[in-house]
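See structure below.
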Amino acid sequence: MTTIASNLQAVRAAIASSADTHGRTDRDITLLAVSKSFPADAVRAAYHAGQHRFAENYAQEALDKMTALEDLPLEWHFIGPIQSNKTRAIAEHFAWVHSVDRLKVAERLSAQRPEHLPPLQICLQVNISGEASKSGVTPAQAGMLAMQIAPLPRLTLRGLMAVPAPGPGGDAQRPAFAALRVLRDRLNRQGLQLDTLSMGMSHDYPAAIAEGATMVRIGTAIFGNRTTRDETSNHGIG
Ligand SMILES: *Cc1c(COP(=O)(O)O)cnc(C)c1O
């Protein structure tokens, strides 16, 4: 077995075990393999170990990998900061976008989504820990933005995404994840239909699952440590 295959097996087992501990089923938790900074061959190895959904932070890097992997039926998720001049490439090549935090960007994605593709699946990125430097709307702004994005014709608003401030890991992250869940539930009471909580990374996904994550975004625990462009906090881009 390759390292990637055995890492995937361990992550899947840990997801199932966390789900079980909290009275959930792993069928309700989608694993996204975050392949940023890793080559197409690593994605291919993960695919052969049963992984079909991948997430990327940089549009051009992702497009290059998609070209190299055209022969595989992969589902691509965009999770990075969105520059306006990249919305067309994102609308044309991804199934999901988790990092929408401005109406302007959502309008462009909707206008540029090709007719032959299903609607682009969208999560709003929420700055749940209130860090000054981070992407994402404030929890207070999320309701208004969600109400504006939900009617856009070529998008389907699915839920919320967050990258909480790094903490010691373990249960220490649970209040931030709980806050995202509470916000999602409040928006649903206001009339939205959000079924997705995209939260949890390599160091904290058990805590995210404990608080209701439906998608976890895992890079390092599957592919190993990144040596270049390791940027999970979205500082000053876009
Ligand atoms: C890089 C990244 C991840 C994956 O992080 P790991 O710690 O490697 O699991 C998840 N989400 C976002 C938004 C990222 O930028």
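No hydrogens, no waters, no symmetry mates; every other heavy atom, side chains included, goes into these values. In each ligand, atom 1 is the first atom listed, and ligand 1 is the first ligand listed.
- Residue contact check: Gly219 has heavy atoms under 4.0 Å from atoms 4 (C), 6 (P), 8 (O), 9 (O) of ligand 1.
- Grouping the Ile, Leu, Val, Met, Phe, Trp and Tyr side chains by contacts below 4.5 angstrom, directly or via other members, places Met215 apart from Ile29.
- In this structure Arg184 satisfies the side chain to side chain donor-acceptor pair (under 3.5 Å) test with no other residue, sequence neighbours excluded.
- The aromatic rings of Trp96 and His77 sit parallel, their planes meeting at an angle under 30°, below the 60° perpendicular limit.
- Taking only nitrogen or oxygen atoms, main chain and side chain alike, Val34 does not reach within less than 3.5 Å of ligand 1.
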_Residues Glu56, Lys65; criterion salt bridge (Lys or Arg N to Asp or Glu O under 4.0 Å); working and verdict_ = CA-CA 10 Å; Glu56 290 276 342; Lys65 273 177 234 183; 2.8 Å; yes
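- Against a heavy-atom cut-off of under 4.0 Å, Thr220 is close to the following atoms of ligand 1: 6 (P), 7 (O), 8 (O), 9 (O).
- Between the choices Met201, Gln125, His203, the shortest heavy-atom distance to atom 5 (O) of ligand 1 belongs to Met201.
- For ligand 1, the atoms lying closer than 4.0 Å to a non-hydrogen atom of Ile218 are 9 (O).
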*asked:* Evaluate Gln112 against Thr87 for side-chain hydrogen bond (donor to acceptor under 3.5 Å, both in side chains), listing each step before the verdict.
replied: CA-CA 8 Å; Gln112 294 168 339; Thr87 54; 2.7 Å; yes
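- Atoms of ligand 1 found under 4.0 Å from any heavy atom of Ile79 (numbered from 1 in listed order, with element): 11 (N), 12 (C), 13 (C), 14 (C).
- Distances below 4.0 Å separate heavy atoms of Val163 from the following atoms of ligand 1: 13 (C).
- Under the 4.0 angstrom criterion for non-hydrogen atoms, His98 is not in contact with ligand 1.
- Evaluation of the salt bridge (charged side-chain N to carboxylate O under 4.0 Å, His left out) rule for Glu115 yields Arg154 as partners, not counting sequence neighbours.
- The cluster map of Ile, Leu, Val, Met, Phe, Trp and Tyr, joined by side-chain heavy atoms under 4.5 Å apart, puts Leu117 and Leu157 in different clusters.
- The side-chain contact (heavy atoms from CB on, under 4.5 Å) test with Met201 is passed by exactly one of Val216, Val163, Ile218: Val163.
- Applying the 4.0 Å criterion to heavy atoms of Lys36 picks out, from ligand 1, the atoms 1 (C), 2 (C), 3 (C), 14 (C), 15 (O).
- Atoms of ligand 1 lying under 4.0 Å from any heavy atom of Arg217, numbered from 1 in the order shown and given with element: 4 (C), 9 (O), 10 (C), 11 (N), 12 (C), 13 (C).
- In Asn57, the part holding a heavy atom less than 4.0 Å from any atom of ligand 1 is the side chain.
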